[in-house]
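Here's the structure, in structure tokens; my notes come after.
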Amino acid sequence: MTRYLVTSALPYANGPIHFGHVAGVYLPADVYVRTLRMMGEEVLSICGTDEYGVAITLKADQEGTPYPEYVKRWNHEIHSFFDRLHIEFDTFSGTSRCPQHEGTAQDFFRHLGANGYLDKQETTQLYCETDEMFLADRYVGGTCYVCGCEKARGDECPDCGTWIDPLRLIAPVCKQCGNTPVHRTTRHWYLNLPKLRDEHIGAWINDHEWKPNVRAFIQNLLKDVPSRSVTRDLKWGVPVPEDLAEGEEGKRLYVWFDAPIGYISFTKELMAQRGTPDEWQRWWQDPETRLVHFLGKDNIPFHCLVFPSMLWGTQQNYILPWQVPANEFYNLEAGKFSTSEGRTLDLDAFFAKYDPEAVRFYILTTLPETSDSTFSLEQMVLTINSGLAGNLGNLATRVLKFLAKNFDGIIPPIAPEHLDEMDHLMLGDCGEIGDPGIHVREFRFRQAAATLLANSSVGNVFMQRTEPWALRKTDPERAASALNTLCEWIRWVAQWMAPFLPQKAQELWEMLGCQGQVAQEPWPGIPQKGAWRRLEAGARLGTPEALFPRVEGGE
RNA sequence: GGCGAGGUAGCUCAGUCGGUUAGAGCGCAGGCUUCAUAAGCCUGAAGUCGCGGGUUCGAGUCCCGCCCUCGCUACCA
């Protein structure tokens with residue numbers, strides 16, 4: 001048994017998440033965790049919302065909502081979206097609500113400082129005296145000092161493409177209040193990433209085995225690593241420890257610094273709730289633990305370079321990531337999913353029409369594993385109708401309804417003299433049988449989903465070949481043997497389904513008359529001739545119903 | 001501007017260290033079957049692997065140039 005600590009990138013508590021996030025991070029993480037659990041591994045799954053930062057204070061101020069209330073709302077909103085898709089975590093906390101977070105983040109700051117990885121630097125920034133805040137680049141407008149365009153932003157000029165230094169803007173204005181900001185110097189702490197890279201992390205990255213797309217992403221990153229400021233002049237964030245302020249009171253940790261620490265503080269919180277407050281160390285400081293970060297490609301630099309640097313730089317025996325199965329981006333057919341451009345789906349209407357688990361499955365078959373990929377309603381309808389309804393769902397109903405009608409709804413017996421023949425046919429001649437779990441372990445979720453359907457298809461081929469509807473009249477004993485074998489097969493399919501379609505797998509499990517939770521069963525692997533049957537002849541089947549109703553349209 | 005990704009059958013995508021007639025699913029065409037959710041099974045058609053050069057015995061796979069699409073550019077996976 002191996003210990004796996006699985007984290008999913010913390011969603012920002014500043015708006016809804018969408019299928020892009022789900023496909024890139026949370027759904028693969030969920031399938032991974034469910035599969036490992038069935039395989040008997042020790043697994044902990046951590047997530048929660050990232051709740052600090054400028055963007056949150058701005059929007060919360062705009063609508064006049066206190067920050068804690070504002071982020072609580074989005075935390076619930078996001079959590080309920082996960083519930084809808086049956087995506088589960090062992091804990092879903094938040095950086096501002098987690099009691100252990102502030103102390104944990106401050107400890108990081110303290111240790112990194114004591115070990116010489118934090119430097120203090122003085123910079124000049126634009127400051128708005130009306131709003132009493134330093135202005136992040138995008139909140140400044142002005143005239144471009146290169147081309148004279150009056151609509152330059154603080155980061156880029158839309159006309160000439162110049163990368164703007166906000167301090168050089170002609171006639172800068174604060175985008176919030178319209179007043180003119182002033183130059184003001186401020187002192188901040190910087191994380192010395194070049195030093196951390198040279199001492200350890202650079203070599204670690206080079207020696208580590210990464211997913212190909214991850215390696216491609218970080219290769220160039222190492223050449224030019226900047227120090228990054230880890231504090232900000234903000235009102236909403238983890239305060240810099242007072243004893244270390246050294247005349248810079250009022251500073252807060254910059255949100256990117258404290259966010260990944262949330263993985264650790266949420267673990268502490270969970271373990272405290274379970275009454276074992278020291279247990280978190282087993283997860284974070286035991287080299288036997290495999291730390292897996294699920295995230296999108298934009299988060300690769302943080303989780304492959306910055307956060308490992310922080311973990312190592314504390315010299316507190318933290319483990320470093322074992323794998324970072326980052327995905328690319330998932331696009332809506334007409335363009336990017338974007339909350340800011342209103343390119344979202346009406347979720348209530350959507351889920352009224354499409355089964356959440358069917359949607360789960362479609363997304364899994366199109367995950368952006370190797371490159372950006374596309375969500376298409378039309379394709380989804382095809383996948384649901386052909387793959388889930390026609391292949392998998394129909395296999396169950398054609399067998400179980402036939403049994404209900406002709407065999408009194410009980411599992412028919414298999415004649416001993418048919419065992420070899422039936423095993424040979426089902427396990428050898430009806431198509432290739434794969435273990436979806438192997439692909440899940442290797443983060444190939446599309447292949448895993450395809451393998452599940454291929455296995456289901458084997459059952460359909462078997463039924464086609466044995467023709468129990470004809471045998472029933474000519475050789476009822478053989479018909480019974482074939483149907484018995486099909487029931488066994490459906491039982492295996494239900495188990496293979498469980499990580500991908502948890503609720504549907506359970507429904508199928510019950511249709512077979514099986515007891516308990518299918519997710520509690522050990523992972524089935526691949527059936528071996530003569531040793532794969534578990535059902536008892538004569539057992540009563542449940543009520544067969546269509547698992548996946550066909551859906552219309554695609555508009 | 002910089003960085004990155006991608007352009008392979010009608011559609012969505014695989015193609016590991018360069019190696020025999022380029023793959024899958026869906027869609028499409030033809031046939032078979034009737035237990036089942038107008039579902040199932042079998043067979044088939046379909047690609048000058050963005051364009052032009054180069055390296056090589058051999059390139060979708062490496063190198064150079066060009067065209068096109070898209071993402072990021074420090075608060076959206």
Side-chain angles (χ1 to χ4, degrees), chain A residues 8-12 14-26 28 50 52-59 136-138 155-157 160-163 212-213 216-217 220-221 224 226 228-229 254-256 259 294-302 326-331 333 335-340 365-366 368-376 378-379 382-383 385-391 393-403 405-406 430 444 446-447 449-450 453-454 457 459-465 467-470 472 479 483 486 544-550:
Chain A
S8 301
L10 306 188
Y12 204 47
N14 197 34
I17 59 164
H18 49 64
F19 286 165
H21 302 98
V22 169
V25 183
Y26 308 103
D50 177 9
Y52 288 124
V54 192
I56 282 171
T57 59
L58 282 170
K59 285 183 83 172
D137 297 359
R138 200 187 291 183
D155 52 356
E156 188 182 48
C157 172
C160 66
T162 299
W163 202 351
N213 65 323
F217 215 95
N220 296 320
L221 199 68
D224 189 27
R228 297 183 68 109
S229 77
Y254 198 11
V255 56
W256 69 256
F294 280 87
L295 41 87
K297 65 177 170 186
D298 57 335
N299 250 325
I300 290 173
F302 282 135
N327 282 307
E328 304 292 301
F329 287 137
Y330 199 55
N331 301 307
E333 37 206 329
K336 200 187 178 192
F337 281 91
S338 167
T339 46
S340 58
T365 63
T366 53
E369 286 174 350
T370 55
S371 61
D372 288 7
S373 65
T374 309
F375 174 92
S376 152
E378 197 181 340
Q379 294 281 327
L382 288 173
T383 298
N385 285 344
S386 70
L388 292 178
N391 176 351
N394 190 231
L395 171 65
T397 39
R398 71 193 297 203
V399 171
L400 299 178
K401 284 196 177 175
F402 190 80
L403 286 170
K405 206 176 291 177
N406 301 302
C430 289
R444 295 199 304 259
R446 302 213 298 206
Q447 186 61 46
L453 283 189
S457 180
N460 279 316
V461 173
F462 181 92
M463 181 127 178
Q464 205 69 36
R465 295 239 185 128
E467 300 189 330
W469 57 89
R472 185 172 70 87
L483 288 161
L486 279 162
E545 280 166 39
L547 268 183
F548 301 99
R550 289 175 62 82

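Residue numbers begin at 1 in each chain, while the letters A, B, ... track the order of the sequences.
In the set B:C75, B:G71, B:A36, the nucleotide with an atom closest to the side chain of A:Thr397 is B:A36. Taking every side-chain heavy atom of A:Asn460 into account, B:C41 is the closest of B:C35, B:C76, B:C41. Side-chain atoms of A:Lys401 lie closest to B:U37 of the nucleotides B:C41, B:C76, B:U37. For A:Leu382, the side-chain atoms get nearest to B:G27 when compared with the rest of B:U12, B:G27, B:A36. You'll find that the side chain of A:His21 is closest to B:C76, out of B:C13, B:C41, B:C76. Taking every side-chain heavy atom of A:Gln379 into account, B:U12 is the closest of B:U12, B:G40, B:C13. Here the side chain of A:Phe402 is nearest to one of B:C35, B:G27, B:A14, namely B:C35.
Atom-to-atom distance recorded for A:Phe294:CZ and A:Asn327:CG is 8.0 Å, nearest 0.5 angstrom.
Taking atom CG of residue A:Asn391 and atom P of nucleotide B:C26, one finds them 8 Å apart after rounding to whole Å. In this entry the distance linking CG of A:Asn406 with P of B:C35 reads 9 Å, nearest Å.
Residue A:Arg228 places no side-chain N or O under 4.0 Å from the OP1 or OP2 atom of B:A74. Checking the phosphate oxygens (OP1, OP2) of B:C75, a side-chain nitrogen or oxygen of A:Tyr254 falls inside 4.0 Å. An OP1 or OP2 oxygen of B:C13 is reached within less than 4.0 angstrom by no side-chain nitrogen or oxygen of A:Thr365.
The closest side-chain heavy-atom distance from A:His21 to A:Tyr12 is not below 4.5 Å. At a threshold of 4.5 Å between non-hydrogen side-chain atoms, the residues A:Arg472 and A:Phe402 count as touching. The side-chain heavy atoms of A:Asn406 and A:Trp469, taken from C-beta on, include no pair separated by under 4.5 Å.
Taking a centre distance below 5.5 Å and an interplanar angle below 30 degrees as the stacking criterion, A:Trp469 stacks against the six-membered base ring of B:C35.
When heavy atoms are screened at a 4.0 angstrom cut-off, A:Phe548 is found touching base atoms of the nucleic acid.
Heavy-atom minimum distance, A:Tyr330 versus A:Pro368: CD1-CD, 3.7 Å.
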